[in-house]
Trainee: 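Sharing a structure here in structure tokens format.
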Amino acid sequence: METVTHPIPPLFDASSRILILGSFPSVKSREGLFFYHHPQNRFWKVLAGVLEEPVPGSIEEKKIFLLKHRIALWDVIASCTIEGSSDSTIKNVVPNDLSGILSAADISRIFCNGGASFQYYKKYQEPRTGRAAVRLPSTSPANAAWSLDRLIREWAVIRDSLHA
């Protein structure tokens, strides 16, 4: 177990309309200094499928992709004690402060990528923000029970929120 501080800044701009929150970046994401950097995580494939776009490759393409679709992206946890990338080992949580995103952008809905993100959002952020979040199934390869097609169908609520 090691105590780790989140190394990736939030991605958003004034036109962001939805916020997607993960729990805490994986080892690969911390090494690559960008969200969902592990090649087996299906986050980018799911979003591309939902938004009917090609899967972005480079970090710069991913940033452009998110901002083009008015999606803000960050994580619930600022620092914690964790073993590797395992959400189930997270302890000593210090939550991220979401106020910068929520005051700079007109965020209409907040989505959590998986159960850990949702659990920590409910515990730490919802009392501060007064905003409910929607739990989506995790795009992690550890969530093998969910096929890519099934994830895309469930995550389609994001497209609907962007067009509302």
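No experiment lies behind these values; they were computed from the predicted model shown.
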Trainee: List for me each residue that meets side chain to side chain donor-acceptor pair (under 3.5 Å) alongside S88, sequence neighbours excluded, and say none if there are none.
Mentor: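 Here the qualifying residues are S86.
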
Trainee: Below 4.5 Å, heavy atoms only, C-beta onward: do P141 and N41 meet side chain to side chain?
Mentor: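 Yes, close enough: below the 4.5 Å cut-off.
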
Trainee: Closest approach of L151 and S138, non-hydrogen atoms and distance?
Mentor: CD2-O, 3.6 Å

Trainee: Could you see if L47 belongs to whatever hydrophobic cluster contains I64? Use Ile, Leu, Val, Met, Phe, Trp, Tyr and a side-chain cutoff under 4.5 Å.
Mentor: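 No, separate clusters.
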
Trainee: Taking the side chain from W44 and the backbone from P39, do they hold a donor-acceptor pair closer than 3.5 Å?
Mentor: no

Trainee: Between atom CZ of R150 and atom CG of N143, what is the distance when rounded to the nearest 0.5 Å?
Mentor: 8.0 Å

Trainee: What donor-acceptor contacts under 3.5 angstrom involve side-chain atoms of residues 156-164, with partners at least two apart or in another chain?
Mentor:
residue	atom	partner	partner atom	Å
R159	NH1	V50	O	2.6
S161	OG	R109	NH1	3.0
S161	OG	V157	O	3.0

Trainee: Using the salt bridge (Lys or Arg N to Asp or Glu O under 4.0 Å) rule, collect all pairs that involve residues 11-30, keeping only residues at least two apart or in two chains.
Mentor: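 Listed once each, the pairs would be none.
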
Trainee: Distance check, rounded to the nearest 0.5 Å: Q40 atom CD versus S140 atom OG?
Mentor: 9.5 Å

Trainee: Do Y121 and S23 have side chains that get closer than 4.5 Å, going by heavy atoms?
Mentor: no

Trainee: How long is the span from the CZ atom in F65 to the CG atom in L11, to the nearest 0.5 Å?
Mentor: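 Going from the CZ atom of F65 to the CG atom of L11 covers 12.0 Å.
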
Trainee: Going by the rule side chain to side chain contact (heavy atoms under 4.5 Å, CB included), which residues pair with S103 if we only count those two or more places apart in sequence or in a different chain?
Mentor: none

Trainee: Same hydrophobic cluster for L148 and L136, using side-chain heavy-atom links shorter than 4.5 Å among ILVMFWY?
Mentor: yes

Trainee: Report yes or no: do F43 and L33 belong to one cluster of Ile/Leu/Val/Met/Phe/Trp/Tyr joined by side chain heavy-atom distances under 4.5 Å?
Mentor: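 Hydrophobic grouping puts F43 apart from L33.
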
Trainee: Sequence neighbours excluded, which residues qualify as side chain to side chain donor-acceptor pair (under 3.5 Å) partners of E53?
Mentor: K68, H69

Trainee: If a pair satisfies salt bridge (Lys or Arg N to Asp or Glu O under 4.0 Å) and one of its residues is in residues 76-87, list it, with sequence neighbours excluded.
Mentor: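 Residue pairs passing salt bridge (Lys or Arg N to Asp or Glu O under 4.0 Å), neighbours aside: none found.
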
Trainee: Under the criterion side-chain contact (heavy atoms from CB on, under 4.5 Å), which of V4, N92, T89 is the partner of T81?
Mentor: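 That would be N92; it is the only one of V4, N92, T89 passing the side-chain contact (heavy atoms from CB on, under 4.5 Å) with T81.
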
Trainee: Check whether L66 and I59 end up in the same hydrophobic cluster, where Ile, Leu, Val, Met, Phe, Trp and Tyr are linked by side-chain heavy atoms less than 4.5 Å apart.
Mentor: yes

Trainee: Applying salt bridge (charged side-chain N to carboxylate O under 4.0 Å, His left out), can you list everything that pairs with K122, at least two apart in sequence or on another chain?
Mentor: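 Checked K122 against salt bridge (charged side-chain N to carboxylate O under 4.0 Å, His left out); matches are E126.
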
Trainee: With rounding to the nearest 0.5 angstrom, report the CG to CG distance, L98 to L21.
Mentor: 5.5 Å

Trainee: Are W146 and V46 side-chain neighbours, meaning at least one heavy-atom pair lies under 4.5 Å?
Mentor: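 No, too far: nothing below the 4.5 Å cut-off.
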
Trainee: Which atom pairs, one a donor and one an acceptor, fall under 3.5 Å between side chains of residues 72-79 and the rest of the protein, sequence neighbours left out?
Mentor:
residue	atom	partner	partner atom	Å
W74	NE1	I8	O	3.1
D75	OD1	G22	N	3.3
D75	OD2	H6	NE2	2.7

Trainee: Under the side chain to side chain donor-acceptor pair (under 3.5 Å) test, which residues partner S26, sequence neighbours left out?
Mentor: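 S26 satisfies side chain to side chain donor-acceptor pair (under 3.5 Å) with S29 only.
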
Trainee: State which residues pass side chain to side chain donor-acceptor pair (under 3.5 Å) with N113; sequence neighbours excluded, sorted by chain then number.
Mentor: Y36, T139

Trainee: Does S15 reach the side chain of L67, with side-chain heavy atoms less than 4.5 Å apart?
Mentor: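 Sidechains of L67 and S15: no contact.
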
Trainee: Would a hydrophobic clustering, with Ile, Leu, Val, Met, Phe, Trp and Tyr connected at side-chain separations under 4.5 Å, put V55 with F35?
Mentor: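 Yes, V55 connects to F35 through the hydrophobic network.
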
Trainee: How would you list, by chain and number, every residue that makes a side chain to side chain contact (heavy atoms under 4.5 Å, CB included) with Y124, sequence neighbours excluded?
Mentor: V93, P95, Y120

Trainee: Can you list everything that forms a side chain to side chain contact (heavy atoms under 4.5 Å, CB included) with R135? Sequence neighbours excluded, please.
Mentor: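 Counting only residues at least two positions away or on another chain, R135 forms a side chain to side chain contact (heavy atoms under 4.5 Å, CB included) with F118.
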
Trainee: If you measure from OG on S147 to CZ on R153, what distance do you get to the nearest 0.5 Å?
Mentor: 6.0 Å

Trainee: Is there side-chain contact between I107 and R131, with heavy atoms separated by less than 4.5 Å?
Mentor: yes

